[in-house]
Amino acid sequence: MAPATTGNTPEIPWEADPNVFIFNNEVPGRPKMHIHRLDMREWVRIDASYPAQMRLRDSFLRERRDEVFVSNTDESAEASKWEFFQKLVQHLPQRFPYIFDDTEPGKLYNKVLGEWVSTLRDDPEDVLIRAGKLTQEDWCIIEYNEEAGGYVLTSGIVFFPMRWSLQEKFNKVIGKIHEPVKVFTKHLQPSVYRTFLQMKPEHPLWRANWALFNDLSGPMDLYAPTAALDRNDKNEVTPYDKNTGKALVFRAEYQTLIKLPETKCIVFGIRTYQRYIEDFNEVPSSDCAGLIRAIRNIDKDEKEYKSALFWSDAACKYLQNIIDSREKKVWLRRVLTGGSVRGQCSYTGHWAHSGSDEGKMMRCYRDVVV
């Protein structure tokens, strides 16, 4: 972790970007939930994007509060939110003592933002809003409802939705929330219901997802509540050209699931990571290849939902070019330093060892594919 300095705060040991590349675990024809046991040290994640994302969240609270926050006010919902908030404000100063200070009774001090957040139950500000002012995670409370026959989203603070609207999902059962996602309703719904019912407070979970977009303007264009299916009529195919690296945006969500012991509600945390696809120039070739495989093997039920027809070709060509360029550099380095390697000249199409006469000629073209 590389230390960083923010304003007058001491050096902050920001977490490294975890590269939530769950696409490497995709299996063609077998949609999965990608569920893992959660180490509670990884419940909340804070990295160098924290100040910028928190400023954005603050602006959303001022400008579109009713779009990013919903909550029931019955006794069950209030108890669930309070149990979650207590757990969060106990966790933060223990896990991140260099950011959060709880020495003052009834409040938590954020050293990075220079702000106090009340931890009192009778404070007029809703505890979910207070939670949203502390972490980069979005938070949803999901309660079991006998009448609905499943878990229902009863409150949430979601600043960075990925193609869904919090207002539209509010007070809906999980099955209805995911109704537009055919791969969920056809393949995953029974296992999700079973997981929620069988979850134990002592065994929290995490999962992740990924997506590519050709209609976001960059890493901080995080508020995307309009469903992809509603945008497809206006979307256009992204060509593979010199602008592809910034025309396509890769987005991943690191999601956590915790069942609280008293209220039995499930707390759903969503931490969003977003980058230009050109940033894959900085990741291993194996990850570039993994994303290519995942794109090419997108389930047929997901292609329309992910708007893949508009960006898949350009994305695969861009990622493949990263891989090819690296391999070419390795080959040339070996050739120019006198090593003997077998390669193919893209000018003649011939294969040869670099030490042979033909191989020596290939060095003149400086254009070799391993």
Self-check item: R130/K81 under side chain to side chain contact (heavy atoms under 4.5 Å, CB included): CA gap, chis, key distance, verdict
Solution: CA-CA 11 Å; R130 285 183 262 167; K81 289 188 297 182; over 6 Å; no
Exercise. Determine whether more than 12 heavy atoms belonging to other residues, nucleotides or ligands lie under 6.0 Å from atom CD of E63.
Key: yes
Quiz prompt | Electrostatic pair D215-R163, nearest N-O below 4.0 angstrom | solution = yes
Quiz item: When rounded to the nearest 0.5 angstrom, what distance separates CZ in R296 from CZ in R293?
Solution: 10.0 Å
Quiz item: For R62, does the CZ atom have more than 12 heavy-atom neighbours from other residues, nucleotides or ligands under 6.0 Å away?
Solution: yes
Exercise. Provide the closest heavy-atom pair for V44 versus E15 in the form atom of the first, atom of the second, distance.
Key: O-OE2, 4.4 Å
Practice problem: Taking the side chain as every heavy atom from C-beta outward, state whether V158 and F69 have any atom pair closer than 4.5 Å. | Solution: no
Practice problem: First locate atom CG of L319, then atom CD of E278, and finally report the distance between them rounded to the nearest 0.5 Å. | Solution: 12.0 Å
Quiz item: Do D47 and Y273 come close enough that some side-chain heavy atom pair is under 4.5 Å?
Solution: yes
Self-check item: Side-chain touch E147/V173, heavy atoms, less than 4.5 angstrom
Solution: no
Self-check item: Nearest non-hydrogen partners of M220 and L56, listed with the distance
Solution: O-CD2, 3.6 Å
Quiz item: Between L212 and R251, does a side chain to side chain contact (heavy atoms under 4.5 Å, CB included) hold up when you go through it step by step?
Solution: CA-CA 6 Å; L212 273 161; R251 181 162 173 154; over 6 Å; no
Quiz prompt | K111/D101 salt bridge by N-O under 4.0 Å criterion | solution = no
Quiz item: Transitively linked via ILVMFWY side-chain contacts under 4.5 Å: L120 with L128?
Solution: no
Practice problem: Answer yes or no: is there a side-chain heavy-atom contact under 4.5 Å between F170 and N72? | Solution: yes
Exercise. Determine the interplanar angle of the W82 and F85 rings, folded into 0 to 90°, and report it as parallel if under 30°, tilted if 30 to 60°, perpendicular if over 60°.
Key: tilted
Quiz item: Which heavy atom of D221 sits nearest a heavy atom of L216, and at what distance?
Solution: OD2-CA, 3.3 Å
Quiz item: Do W116 and L108 pass the side chain to side chain contact (heavy atoms under 4.5 Å, CB included) test, and can you show the C-alpha distance, the side-chain angles, and the key distance before you say yes or no?
Solution: CA-CA 6 Å; W116 294 94; L108 195 62; over 6 Å; no
Self-check item: K133/E115 ion pair, N-O < 4.0 Å
Solution: no
Exercise. Determine yes or no for a side-chain-to-main-chain donor-acceptor pair under 3.5 angstrom, with T272 supplying the side chain and E253 the backbone.
Key: no
Quiz item: Distance-only, no hydrogens or angles: does the T244 side chain make a donor-acceptor pair with backbone N or O of P239 under 3.5 Å?
Solution: yes
Quiz item: Do W311 and V249 sit in the same hydrophobic cluster, where Ile, Leu, Val, Met, Phe, Trp and Tyr count as joined when their side-chain heavy atoms come under 4.5 Å apart?
Solution: no
Quiz item: To the nearest 0.5 Å, what is the distance between CG (L166) and CG (D66)?
Solution: 10.5 Å
Exercise. Quick one: do Y223 and F60 satisfy ring pair (Phe, Tyr, Trp, His ring centres under 6.0 Å)? Show the steps, please.
Key: CA-CA 9 Å; Y223 182 73; F60 288 170; 5.4 Å; yes
Quiz item: Is the count of non-hydrogen atoms from other residues, nucleotides or ligands lying under 6.0 Å from Q320 atom CD greater than 12?
Solution: yes
Practice problem: Could you pull out the closest heavy-atom pair between N24 and S286, with the gap in Å? | Solution: OD1-O, 3.9 Å
Quiz item: Are D138 and R271 close enough, and set up right, to give a side chain to side chain contact (heavy atoms under 4.5 Å, CB included), and what steps lead you there?
Solution: CA-CA 6 Å; D138 290 331; R271 173 70 162 84; over 6 Å; no
Self-check item: Heavy atoms of other groups near E262 CD, more than 12 under 6.0 Å
Solution: no
Practice problem: Give a yes or no answer on whether the side chain of R57 reaches the backbone of T135 with a donor-acceptor pair at less than 3.5 Å. | Solution: yes
Quiz item: Is it the case that N232 and S307 place a side-chain donor and acceptor less than 3.5 Å from each other?
Solution: yes
Practice problem: Would you confirm whether K259, through its side chain, and K200, through its main-chain N or O, come within 3.5 Å as a donor-acceptor pair? | Solution: no
Self-check item: N281 and R326: side chain donor to acceptor below 3.5 Å
Solution: no
Quiz prompt | Distance-minimising heavy-atom pair for V237 and L309 | solution = CG2-O, 4.0 Å
Quiz item: Roughly how far apart are S285 OG and I322 CD1, rounded to 0.5 Å?
Solution: 8.0 Å
Practice problem: May I ask you to check whether S49 and Q136 show a side-chain donor-acceptor distance below 3.5 Å? | Solution: yes
Self-check item: Validation row: T263, Y144 side chains within 4.5 angstrom (heavy atoms)
Solution: no
Quiz item: Is there a path from Y276 to Y240 through hydrophobic residues (I, L, V, M, F, W, Y) whose side chains come within less than 4.5 Å of each other?
Solution: no
Quiz prompt | Transitive ILVMFWY side-chain link I157 to I258, under 4.5 Å | solution = yes
Self-check item: Non-neighbouring partners of F250 that pass ring-ring contact (aromatic ring centres under 6.0 Å, His included), sequence neighbours left out
Solution: F21, F23, F280
Exercise. Using ring-ring contact (aromatic ring centres under 6.0 Å, His included) as the criterion, list what pairs up with Y254, not counting sequence neighbours.
Key: W206
Quiz item: Under a 4.5 Å cut-off applied to non-hydrogen side-chain atoms, are I12 and I99 in contact?
Solution: yes
Quiz item: Hey, mind stepping through W139 and F268 against ring pair (Phe, Tyr, Trp, His ring centres under 6.0 Å) and telling me if it holds?
Solution: CA-CA 6 Å; W139 302 103; F268 182 45; 9.4 Å; no
Quiz item: Any side-chain donor-acceptor pair under 3.5 Å between S76 and E143?
Solution: yes
Quiz item: Where do R95 and R41 come nearest, in terms of heavy atoms and distance?
Solution: NE-O, 2.7 Å
Quiz prompt | Test item: P225 and W164 side chains (from C-beta on) under 4.5 Å apart, heavy atoms | solution = no
Quiz item: Would you say the side-chain atoms of D287 and N19 include a donor-acceptor pair closer than 3.5 Å?
Solution: no
Self-check item: D74 vs E78 side-chain heavy atoms within contact, under 4.5 Å
Solution: no
Practice problem: Please work out whether the ring planes of W14 and Y50 are parallel, tilted or perpendicular, with thresholds of 30° and 60°. | Solution: tilted
Quiz item: Should D313 and K317 count as an ion pair when the cut-off is N to O under 4.0 Å?
Solution: yes
Quiz item: Considering residues, nucleotides and ligands other than E236, do more than 12 of their heavy atoms fall under 6.0 Å from its CD?
Solution: no
Quiz item: Same hydrophobic cluster for L134 and L260, using side-chain heavy-atom links shorter than 4.5 Å among ILVMFWY?
Solution: yes
Exercise. Decide if atom NZ of K107 counts as having more than 12 heavy atoms of other residues, nucleotides or ligands within a radius under 6.0 Å.
Key: yes
